[in-house]
Structure formats: C-alpha cells, structure tokens
K.L.:
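I have a structure I would like to understand better, so I am pasting it below and will then ask my questions one at a time.
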Amino acid sequence: QVQLVESGGGLVQAGGSLRLSCAASRRTFSNYAMGWFRQAPGKEREFVASISWSGTSVNYADSVKGRFTISRDNAKNTVSLQMNSLKPEDTAIYYCAANLYVLPRVPEYWGQGTQVTVSS
C-alpha cells in the first residue's frame with residue numbers, strides 16, 4: 001500500500017504564505033501522479049492542484065492559479081504545495097492524493113489531511 005503523510009499546515013494571516021509537504025511511504029513514486037484537494041467546513045471536497053509523475057505537467061484550480069505552485073522531488077519522495085497570497089477562503093483541510101500514472105477526480109490514495117487556517 002501507498003501511505004501519504006501531509007505536513008506544513010497551520011494558522012497564517014491573509015496575504016501570508018505556507019508550504020505544504022506530502023511524503024510517500026515508498027522509496028520512490030516516480031510513476032504516480034500526485035496532487036492536492038481541500039475541503040472547507042460545510043462544503044464538498046474540491047480539486048486544488050496536480051502534477052504528473054514526470055513533473056512536466058501541472059494543473060491548478062482557477063481559484064488558486066497564480067498563487068499556488070505544486071512541485072515534486074522524486075529523489076526525496078515528496079510533493080509540495082507552495083501557497084502564497086493566502087485568502088480567508090483558502091481555509092480548509094488539505095489532502096494529499098496519489099494515483100498511478102493519472103490523477104482522477106477520485107484518486108486511489110489519500111493522506112490524513114492537514115488544517116490550513118487563514119485569518120482576516
């Protein structure tokens with residue numbers, strides 16, 4: 001099984017930055033597409049960003065384009081989400097996700113989630 005563990009969440013003021021990280025239990029995951037979803041209170045889980053196994057293809061939700069950057073380091077077995085210019089509406093639990101080759105709307109593997117709270 002593939003286990004995903006998120007870290008880096010916390011409380012930040014609007015306009016600030018946070019960097020989320022996700023580590024996989026396997027030594028490498030170069031053949032896995034990975035990404036991030038989030039779920040705010042009272043709302044359904046939504047897609048945030050994804051990155052292909054090669055790291056050459058990335059996708060972002062319109063709400064985070066220009067502010068968030070996803071990256072991966074296969075040598076370190078991690079994927080990260082750099083979040084800049086944070087807004088209160090970014091407040092949510094952020095989940096790391098992974099799927100072999102392609103990341104679908106409902107990926108096969110999920111992490112436990114990490115809380116991100118943006119104050120106004």
Side-chain angles (χ1 to χ4, degrees):
Q1 293 183 339
V2 175
Q3 295 182 354
L4 305 175
V5 180
E6 305 97 333
S7 62
L11 175 64
V12 66
Q13 188 176 359
S17 299
L18 283 174
R19 185 177 180 87
L20 305 182
S21 295
C22 175
S25 60
R26 295 177 61 178
R27 183 174 63 84
T28 62
F29 54 94
S30 59
N31 289 328
Y32 284 82
M34 302 192 70
W36 296 88
F37 290 75
R38 67 185 183 185
Q39 187 168 19
K43 298 183 179 180
E44 297 197 350
R45 190 171 298 182
E46 65 175 348
F47 168 79
V48 176
S50 66
I51 186 168
S52 66
W53 68 269
S54 65
T56 59
S57 180
V58 297
N59 289 289
Y60 298 97
D62 289 340
S63 59
V64 306
K65 286 182 179 178
R67 300 188 298 119
F68 291 10
T69 302
I70 189 170
S71 62
R72 68 190 300 162
D73 187 338
N74 290 338
K76 296 181 179 179
N77 206 28
T78 59
V79 61
S80 299
L81 184 69
Q82 179 66 44
M83 305 185 295
N84 298 326
S85 302
L86 284 164
K87 305 174 181 179
E89 50 262 45
D90 294 319
T91 296
I93 299 176
Y94 284 71
Y95 297 91
C96 180
N99 207 99
L100 189 63
Y101 303 128
V102 178
L103 191 71
R105 287 179 288 179
V106 184
E108 183 176 4
Y109 301 104
W110 298 90
Q112 293 293 115
T114 184
Q115 178 70 48
V116 172
T117 302
V118 184
S119 64
S120 59

K.L.:
Which heavy atom in Gln13 sits nearest to a heavy atom in Ser119, and how many Å separate them?
P.N.:
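Minimum heavy-atom contact is CA-OG, 3.5 Å.
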K.L.:
Would you name the heavy atoms of Ala14 and Ser120 that are closest together and state the gap between them?
P.N.:
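Where Ala14 meets Ser120 most closely, the heavy atoms are CB-CA, 4.4 Å.
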K.L.:
Could you tell me which non-hydrogen atom of Ile93 sits nearest to which non-hydrogen atom of Gln115, and how far apart they are?
P.N.:
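Result for this residue pair: CG1-OE1, 3.3 Å.
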K.L.:
Any chance you could measure Asn31, atom CG, to Ser54, atom OG, to the nearest 0.5 Å?
P.N.:
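It is 10.0 Å, given to the nearest 0.5 Å.
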K.L.:
Please answer: with hydrophobic residues joined when any side-chain heavy atoms are less than 4.5 Å apart, are Tyr101 and Trp36 in the same cluster?
P.N.:
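Yes.
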K.L.:
Using a strict 4.0 Å threshold on nitrogen-to-oxygen distance, state whether Lys65 and Asp62 make a salt bridge.
P.N.:
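Here Lys65 pairs with Asp62 in a salt bridge, since their nearest N and O are under 4.0 Å apart.
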K.L.:
For side-chain contact (heavy atoms from CB on, under 4.5 Å), just list the numbers for Leu86 and Phe68, CA-CA rounded to whole Å, side-chain angles, deciding distance to a tenth of an Å, and then say yes or no.
P.N.:
CA-CA 9 Å; Leu86 284 164; Phe68 291 10; 3.9 Å; yes
K.L.:
Would a single hydrophobic cluster contain both Leu20 and Val79, if residues Ile, Leu, Val, Met, Phe, Trp and Tyr are joined by side-chain heavy-atom contacts under 4.5 Å?
P.N.:
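Yes, because Val79 and Leu20 connect within a single hydrophobic cluster, where side-chain heavy atoms sit under 4.5 Å apart.
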K.L.:
Do you reckon Val58 sits in the same ILVMFWY cluster as Leu100, going by side-chain contacts under 4.5 Å, direct or chained?
P.N.:
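Val58 clusters together with Leu100.
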K.L.:
Do Tyr32 and Tyr109 have side-chain heavy atoms sitting under 4.5 Å apart?
P.N.:
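Of all side-chain heavy-atom pairs linking Tyr109 with Tyr32, at least one is under 4.5 Å.
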K.L.:
Strictly distance-based, threshold 3.5 Å: is any side-chain N or O of Arg67 a donor or acceptor partner for the main-chain N or O of Ser85?
P.N.:
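Confirmed, Arg67 side chain pairs with Ser85 backbone.
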K.L.:
Please check: side-chain N/O of Tyr60 versus main-chain N/O of Ile70, any donor-acceptor pairing under 3.5 Å?
P.N.:
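Checked: pair present.
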K.L.:
Hydrophobic cluster membership, with links at side-chain heavy-atom distances under 4.5 Å among I/L/V/M/F/W/Y: are Tyr95 and Leu18 in one?
P.N.:
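Tyr95 does not cluster with Leu18.
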K.L.:
Are Val12 and Met83 close enough that some pair of their side-chain heavy atoms sits under 4.5 Å apart?
P.N.:
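The answer is no; the side chains never approach within 4.5 Å.
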K.L.:
Would a distance-only check, ignoring hydrogens and angles, find a side-chain to backbone donor-acceptor pair under 3.5 Å from Asn59 to Ser50?
P.N.:
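It does not hold such a pair.
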K.L.:
Going by the rule ring-ring contact (aromatic ring centres under 6.0 Å, His included), which residues pair with Phe37 if we only count those two or more places apart in sequence or in a different chain?
P.N.:
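Partners of Phe37 by the ring-ring contact (aromatic ring centres under 6.0 Å, His included) criterion, ordered by chain and then number, come out as Phe47, Trp110.
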K.L.:
Could you measure the distance from the CZ atom of Arg38 to the OG1 atom of Thr91? Nearest 0.5 Å is fine.
P.N.:
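One finds 9.0 Å between CZ of Arg38 and OG1 of Thr91.
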K.L.:
Does Glu6 reach the main-chain N or O of Gln112 with its side chain, forming a donor-acceptor pair under 3.5 Å?
P.N.:
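It does hold such a pair.
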K.L.:
Hey, quick one: are Val48 and Val102 part of the same hydrophobic cluster, counting side-chain heavy atoms closer than 4.5 Å, chains of contacts allowed?
P.N.:
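Yes, Val48 connects to Val102 through the hydrophobic network.
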K.L.:
Let me confirm one number: the OH-CG distance from Tyr94 to Leu81, rounded to the nearest 0.5 Å.
P.N.:
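Rounded to the nearest 0.5 Å, the OH-CG separation comes out at 7.5 Å.
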K.L.:
In Å and rounded to the nearest 0.5 Å, what is the OG1 to CG distance from Thr117 to Leu11?
P.N.:
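If we round to the nearest 0.5 Å, Thr117:OG1 and Leu11:CG are 6.0 Å apart.
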K.L.:
Leu4 and Cys22: side-chain contact (heavy atoms from CB on, under 4.5 Å), yes or no, with the steps?
P.N.:
CA-CA 6 Å; Leu4 305 175; Cys22 175; 3.9 Å; yes
K.L.:
Once rounded to the nearest 0.5 Å, what's the spacing between atom CD of Gln3 and atom SG of Cys96?
P.N.:
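So the CD of Gln3 and the SG of Cys96 are separated by 12.5 Å.
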K.L.:
Can you find a pair of side-chain heavy atoms, one from Ser71 and one from Gln82, that are under 4.5 Å apart?
P.N.:
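Heavy-atom side-chain distance check fails, nothing below 4.5 Å.
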K.L.:
Mind checking the CH2-CG spacing from Trp53 to Asn74? Nearest 0.5 Å is all I need.
P.N.:
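So the gap between those two atoms works out to 8.5 Å.
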